[in-house]
Amino acid sequence: MVTLSQRITELREEQNLSRPALAEALGLPKLSIEKFETGRHPTQQQQEKMAAFFGVSVFYLQGKSRDRTRMDDWMAGMEPAEELDGPRYTPAPVKRPTPAPKAPATPPAEGGLFDALLTSKKFRQSLSEAVMETLRSPEGQEILSQLIRKELDRLR
């Protein structure tokens, strides 16, 4: 499993940034990135800031997932669509930048069964359908409303 320190180094190097340059871009002390890359854990807020800067999920940054997708990437693409039994939400097409070439995939390491499952297209499709069905329910709509209100209050 990839560690948080390794992931920060990997993402920083992909962007061709020095440690001090990344720290400056994030508004952090000059030596903070060096500390993060050598084992000191950033706070949750610092992790969220780095994930947003690199355009990845916090789970990816932490090394808990191979999926770089941020939740707000796919949630932002939801558009209402009227149906006979009430409003439903369908994903809108999202334009994504062409990803940089990746190293050849390696088979899952010992204990990597969960990662293999998460990368399965069939599993991801099933999960997507389950999430969408849950969001269509009255309870899901209420949760979304609460989250949106909370986010709007935070932005004010």
Non-hydrogen atoms of [X] and [Y] that approach each other most closely:
X     : Y     : result
Ser32 : Ala23 : OG-CB, 4.0 Å
Leu11 : Phe54 : O-CE2, 3.5 Å
Val58 : Gln47 : CG1-OE1, 4.0 Å
Met50 : Phe36 : CE-CD1, 3.8 Å

Q. Would you say Val2 and Leu22 are hydrophobically clustered, going by side-chain heavy atoms of ILVMFWY under 4.5 Å?
A. no

Residue set satisfying side chain to side chain contact (heavy atoms under 4.5 Å, CB included) with Ser5, at least two apart, ordered chain then number -> Thr3

Please tell me if the side chains of [X] and [Y] come closer than 4.5 Å, counting only heavy atoms from C-beta onward.
X      : Y      : value
Asp67  : Phe59  : no
Lys150 : Gln146 : no
Leu26  : Gln46  : no

Are Glu10 and Arg68 ion-paired here, with the side-chain N under 4.0 Å from a carboxylate O? yes

With rounding to the nearest 0.5 Å, note down the distance linking [atom1] in [X] to [atom2] in [Y].
X     : Y     : atom1 : atom2 : result
His41 : Gln62 : NE2   : CD    : 9.0 Å
Thr38 : Ile33 : OG1   : CD1   : 10.5 Å
Leu61 : Lys49 : CG    : NZ    : 14.0 Å
Thr9  : Glu14 : OG1   : CD    : 11.5 Å

Determine whether a donor-acceptor pair (N or O, by modelled atom type, separation under 3.5 Å) exists between the side chain of Arg12 and the backbone of Leu17. yes

query: Should we say atom CD of Gln6 is surrounded by more than 12 heavy atoms from elsewhere, each under 6.0 Å from it?
result: yes

